[in-house]
Number of protein chains: 2
Amino acid sequence: MEAVKSAKDLVTTRDDVVAGFRWQAEEKALRANEFSAVADHFYYKAGKVGEIKGVDDIVADDRLYRFALGACALSAKAAQQLGRETCREIIGSTINFARVAEIEYQAELERRYFLTCGDALGGSMRNAIGQRAQNKLSDYVCQYLSDGQINHHVERNGGGKITEVRWAHRVLVFDRKPKFIGKNIDFILLDAGEYKTSLLEVPHKLLACGELKGGIDPAGADEHWKTARAALDRVRDAFKDRGLQSPALFFVGAAIEQSMAAEIFAQLTNGTLAAAANLHHQGQLAELAKILTNL
Amino acid sequence: MEAVKSAKDLVTTRDDVVAGFRWQAEEKALRANEFSAVADHFYYKAGKVGEIKGVDDIVADDRLYRFALGACALSAKAAQQLGRETCREIIGSTINFARVAEIEYQAELERRYFLTCGDALGGSMRNAIGQRAQNKLSDYVCQYLSDGQINHHVERNGGGKITEVRWAHRVLVFDRKPKFIGKNIDFILLDAGEYKTSLLEVPHKLLACGELKGGIDPAGADEHWKTARAALDRVRDAFKDRGLQSPALFFVGAAIEQSMAAEIFAQLTNGTLAAAANLHHQGQLAELAKILTNL
DNA sequence: TAGACTCGAGTGT
DNA sequence: CACACTCGAGTCT
């Protein structure tokens, strides 16, 4: 690749790491208010004498219920596993209803509620980070198509996330799992006019498979690369098992450290990977888009 | 194995899942107060007019600094990556010092601080969950040795965590990484009177290698089993590459789902795994301890 | 609907 | 210090 002349070209710069963590902090700050309404509602109710006398009053009010779950350190995941009855019981034995009118106790419950929300916010952010990376990549592809005056259509799911980009006789789909591979692939380029689930099971329709890792944390970089590499190996094996040639394989990462950069570069050189790019490197992304659209 | 007559015997019961999430909630609640001192200190300082006029006043006071980082949605990990200077700058541009004396603004900052702490608490909990599983397993081995009146010694690190159990001419060590395998192994049984780092590089001294997954979340079960399986495969390959026979391989998991149970059982049946146990199943643990100590 | 994804929160070497 | 561990917080298929 022109934009990757050596392993070093792939390595994420300190500035990009800093920018990534900065964005995360900003985005978290923006989302921080989402949880306040529930807490405020609790204060409102707790301030009116007799409104919260026992578990029943909490279970009957969705916002109070969510507040109480958080105050009891129960995540949505935990609450789902425990079931409504067990949650009710835990709330009953954890919240001291005799003290609900006390300002100090209210503050304590509030703090516990926000602690739980913080973990939830962290979880949402991890998804958002992955999503943002996917958007960045799909936007690049669309941009590339627009620049080349190639007509294309974008499909989005309910949440506005791009699930599919269509052009000419090509469909790029995200997060699909061909059964014959048995692994979820971050993006797949299909040789087809439109997407159908069944296409995923026709090996020769898969022109390319790619893994995208959007995390910026250097501590996770190597681990995520290993996972990606294993996933791509799995693709290659699935094709080999059927006596077919492997499709073009891609890797895009936001956090690329020195040691993994060497491995990626080696795979680029020996043709195992058709293209690789650092998500923060425009030139590399552009070249990847070019290779992808020329398949 | 006597205690594992079918795949179903390995599957984690709903009760164990519930108990696991309950424990997590209780443990989180116990740790919830750790963060209050810093917040209280902020209130104390913010309450005294003129004590917090700008960034300098915050950076100079460690507790205020930690509070401010949290209020700016910066985790310890992020703060480390950004560096002190950038953090200082972010604090300066995020905190509105003109409003620090306002009760409402103080409450808003407090909420943000606790959100960040919640994510931190979640991270600590994940480590604690893994630690607890390791304790449970090592306690079990010690118990088994005691029951058999086998003299043994336990070594602990600074934090009280068991790092090593010694008996007869055997040493069981936790979380070590033999360079010739290149992977961290959760527990390794060595044929030796005492532990030395160099022993890890002598393949025939490794009598057994085991992976332990302590998480209770069903959603993570399969993923963690895959990681464990890959790690054990890596061990087998490292021995095979040297023309040596693989040591006995073990798997212990707290969350075992139907589909992975079938895979584990198949590996038990064909001898790939020497033993496997559900961490919550005493009989299976006992048998695993027996197999381990009889090697 | 169960299962497998997103990724970084802390911790240890 | 760089890296590789712990695992579950949401989310999508």
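Everything numeric in this text was worked out from a predicted model, so none of it was measured. Each chain gets a letter, A, B and so on, in the order its sequence line appears, and its residues count up from 1.
A donor-acceptor pair shorter than 3.5 Å can be found between the side chains of A:Gln131 and A:Asn135. With no hydrogens or angles considered, no side-chain donor-acceptor pair links B:Ser75 and B:Asp119 at under 3.5 Å.
Rounded to an integer number of Å, the gap from B:Lys183 NZ to D:dC3 C1' is 12 Å. B:Gln80 places its CD atom 13 Å from the P atom of D:dC3, with the value rounded to the nearest Å. Spacing between atom OH of A:Tyr195 and atom P of D:dT13 amounts to 9 Å, rounded to whole angstrom units. Residue A:Leu74 contributes atom CG, which lies 16 Å from atom C1' of D:dG10 at whole-angstrom precision. Atom pair A:Trp225:CH2 and D:dA4:P shows a separation of 13 Å (rounding to whole Å applied). Taking atom NZ on A:Lys179 and atom P on D:dT13, their separation rounds to 14 Å, with Å as the unit. For the pair B:Gln134 CD and D:dC5 P, the computed distance is 14 Å after rounding to whole Å. Computed from coordinates, the A:Arg132 CZ to D:dT11 C1' distance equals 18 Å when rounded to whole Å.
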>> Base contacts versus sugar-phosphate-only contacts with protein, heavy atoms under 4.0 Å: please encode nucleotides 6-13 of chain C as B, S and - from 5' to 3'.
In response: BBBBBS--
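Residue contacts shown for B:Glu257 are limited to sugar-phosphate atoms, with no base heavy atom under 4.0 Å away.
Among B:Phe67, B:Tyr65, B:Phe35, the one residue that satisfies the ring pair (Phe, Tyr, Trp, His ring centres under 6.0 Å) test with B:Tyr113 is B:Phe67.
Look at A:Asp62 and A:Arg66 and you find a salt bridge, because one of the NZ, NE, NH1 or NH2 atoms lies within 4.0 Å of a carboxylate O, short of that distance. The pair A:Arg166-A:Glu164 meets the salt-bridge criterion, since a charged nitrogen lies less than 4.0 angstrom from a carboxylate oxygen.
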Sequence neighbours left out, cut at 3.5 Å: what donor-acceptor pairs do the side chains of residues 209-221 of chain A make with other protein atoms?
unit_1: A:Glu211; atom_1: OE2; unit_2: A:Asp186; atom_2: N; d: 3.4
unit_1: A:Asp217; atom_1: OD1; unit_2: A:Ala219; atom_2: N; d: 3.2
unit_1: A:Asp217; atom_1: OD2; unit_2: B:Lys77; atom_2: NZ; d: 2.6

